[in-house]
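Being a predicted model, the structure only gives us computed values, none of them experimental.
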Amino acid sequence: MTTTDPTIVSHSSAPRVAFPPAFHWGTATAAYQIEGAADDGRTPSIWDVFSHTPGKVVNGDTGDIAVDHYHRFREDVRMMADLGLTSYRFSLSWSRIQPTGRGPAVERGLDFYRALVDALLEHGISPVATLYHWDLPQELEQAGGWPVRETAYRFAEYAAHAARALGDRVPVWTTLNEPWCSAFLGYGSGVHAPGRTDPADALKAAHHLNLGHGLAVGALREILPASAQLAVSLNLHMVRPLTDSAEDLEAARRIEAVGNRIWTGPMFNGGYPADLKADTASFVDWDELVRPGDEAEIGRPIDLLGLNYYNPTIVSAPQKDSEAPEPARNDGHGNSPYSPWPGSEDVVFHLANEDVTAMNWSIDASGLSDSLIGMHHDFGLPLMVTENGAAFEDVVGPDGTVDDPERIRYVRLHLAAVADAIAAGADVRGYYLWSLMDNFEWAYGYSKRFGIVHVDFETQRRTPKSSAHWYTEVIRRGGLD
């Protein structure tokens, strides 16, 4: 591991790898995954409809109750404080604040988030609010959803409602969480809500998510205090070719274009890259889709860039042997006969190694340090790791405790990778472990557990796992021991 002298301390009780004094130690969650209270003041989102559609979610699970955070948030905030968290990243439910996706906000929904933020501040925990974590109001989906341009303008209107209600107490605002998933899993492969499978719609959704981000940044700047920091959280794929052959390098370029530069191009580099447009020209007319001024709107300056990282993306060119069976698409994004990679459907994905989590995602922390260093070099923005964590087959012991050494190992490796990036010059301001507690894991329902706090879904009892106690010690020390 790359280190510099200040990160190495000889005294045995001090941390070996220290992080900056103001570093944010947090966890992250999403509204639909934890809140529940689906019929308490909000209208259905696309995830309500999707999860209630037979065959879409493992075991027919829904987020109707989830982990009942809506009613138990004070207990949960006290638990965060007991764990020593200094920051908490959560998302707002659009349909709880603006039930139809249009018009005035509902005070009842805003009051819930006011109370949550006040509780966080009372316990010395800095709130980070994400405006959109995949739960589009169903009425907007019925009007066309993200493939329709109007949705971007409705998103900016919703952002303004949230900012007026919470702007005096929330210091960091994230516009979108993983827009790649919203566009390409929601409208391309169909494994996420709303479950549509049209590559043209997926690309249109990507542009309108970008546009919504830019419009929301503009709306937030007009309302929030000058001290507020604006961000976006991207799951940029750490794309690596399987070999250094020209064919595999071309496969990596194609995936990197539709996986990463479709966002970073207009957000930070002035516009959509020409090679992306060429790769996807058979699906959309980019000159018609992108109107004059759109790319400038999308490129409004932000203050922080969030990275969600779980594993690298290893790709190769299509197999040339026509007799070979079609390989499984090990892209980590669910099973579907429809590809979430328009224009690159024949690219082959591989596991980085056989050291995998319960999601069958390879454990390779080098991708995190490489991503952070690359982002620092390419964009020059302060960075945050806004999601990183792992699902494992947790077992409750006879005494009610949950020992999860695999998760401790995973997080330790990835925190060391963050330290490597900081030592290499990257300005990384915080780390948000996914997730605070076990919850509704999207299309996997309650079958996958990412939390450092175990939840008994029958009783809603919370039990911190050994990883939670370990993370508390990391926070107390300010680094790895």
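- In this structure, the side chain of S45 does not engage the main chain of P137 through any donor-acceptor pair within 3.5 Å.
- The aromatic rings of H414 and Y410 lie parallel to each other, with less than 30° between the two planes, well short of the 60° mark.
- Side-chain N/O atoms of H208 and T151 include no donor and acceptor closer than 3.5 Å.
- For W341 and W180, the gap between ring centers is short of 6.0 Å.
- Between the side chains of N311 and S362, no donor-acceptor pair of N or O atoms lies under 3.5 Å.
- Aromatic rings of W25 and Y432 (six-membered ring for Trp) have centroids beyond the 6.0 Å cut-off, not under it.
- When side chains are defined from C-beta on, R89 does not count as touching T29, because their heavy atoms never get closer than 4.5 Å.
- Between F450 and W361, the two ring planes are tilted [angle within 30° to 60°].
- If you check the side chains of H52 and D64, you find a donor sitting under 3.5 Å from an acceptor.
- Using the six-membered ring where Trp is involved, Y471 and Y431 have ring planes that are perpendicular, over 60° apart on the 30 and 60° scheme.
- A salt bridge between R42 and D48 is present, with a side-chain N of the basic residue lying under 4.0 Å from a carboxylate O of the acidic one.
- A salt bridge links R96 and E35; the closest N-O separation between the charged side-chain nitrogens and carboxylate oxygens is under 4.0 Å.
- No donor-acceptor distance shorter than 3.5 angstrom exists from the side chain of N260 to the backbone of A257, with no hydrogens or angles considered.
- Note: T27 OG1 to W434 CH2 = 9.5 Å, rounded to the nearest 0.5 Å.
- A salt bridge links E256 with R261; the closest basic N to acidic carboxylate O contact falls under 4.0 Å.
- In summary, R149 and D294 engage in a salt bridge, as defined by a charged side-chain N under 4.0 Å from a carboxylate O.
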Before giving the answer on salt bridge (charged side-chain N to carboxylate O under 4.0 Å, His left out), spell out for D456 and R461 the whole-Å C-alpha distance, their side-chain angles and the decisive distance to 0.1 Å.
-> CA-CA 5 Å; D456 182 321; R461 180 179 179 182; over 6 Å; no
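- Remark: side-chain polar atoms of T386 are not paired, donor with acceptor, to backbone N or O of S233 under 3.5 angstrom.
- A salt bridge does not link R78 to E75: none of the charged nitrogens lies less than 4.0 Å from a carboxylate oxygen.
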Please walk me through it: do D76 and H69 pass side-chain hydrogen bond (donor to acceptor under 3.5 Å, both in side chains)?
-> CA-CA 7 Å; D76 291 338; H69 176 70; 2.8 Å; yes
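- Salt bridge E107/R114: present, at least one basic N to carboxylate O contact under 4.0 Å.
- When side chains are defined from C-beta on, F23 does not count as touching R429, because their heavy atoms never get closer than 4.5 Å.
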Checking side chain to side chain contact (heavy atoms under 4.5 Å, CB included) for the pair D198/Y187: CA distance, chi angles, key distance, verdict?
-> CA-CA 6 Å; D198 185 329; Y187 294 93; over 6 Å; no
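- Side chains of Y446 and N59: no donor on one and acceptor on the other come within 3.5 Å.
- Ring planes of F184 and W263: perpendicular class, angle over 60° (limits at 30 and 60°).
- Ionic pairing of D68 and R462 is not present here: no N-O contact between side-chain nitrogen and carboxylate oxygen is shorter than 4.0 angstrom.
- Under the 3.5 Å distance criterion, the side-chain polar atoms of K448 are left unmatched by any main-chain donor or acceptor of M359.
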Working for side-chain hydrogen bond (donor to acceptor under 3.5 Å, both in side chains), residues Y32 and S51 = CA-CA 11 Å; Y32 188 76; S51 65; 3.0 Å; yes
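- We find that R196 and E141 are joined by a salt bridge, their nearest charged nitrogen and carboxylate oxygen being less than 4.0 Å apart.
- Side-chain contact between L415 and V474 is present, with at least one heavy-atom pair separated by less than 4.5 Å.
- Salt bridge annotation for R221-D303: present, with a cationic side-chain nitrogen under 4.0 angstrom from a carboxylate oxygen.
- In this structure, the side chains of R154 and L140 come closer than 4.5 Å at one or more pairs of heavy atoms.
- The backbone N or O of V49 lies less than 3.5 Å from a partner atom in the side chain of T53, making a donor-acceptor pair.
- Within the 3.5 Å criterion, the main-chain N or O of G397 finds no donor-acceptor partner in the side chain of T401.
- For R169, the CZ atom sits in a packed shell: over 12 heavy atoms of surrounding residues, nucleotides or ligands are nearer than 6.0 Å.
- D82 places no side-chain N or O within donor-acceptor distance of the main-chain N or O of V77, the cut-off being under 3.5 Å.
- Under the 30°/60° scheme for interplanar angles, the aromatic rings of Y132 and W94 are found to stand perpendicular.
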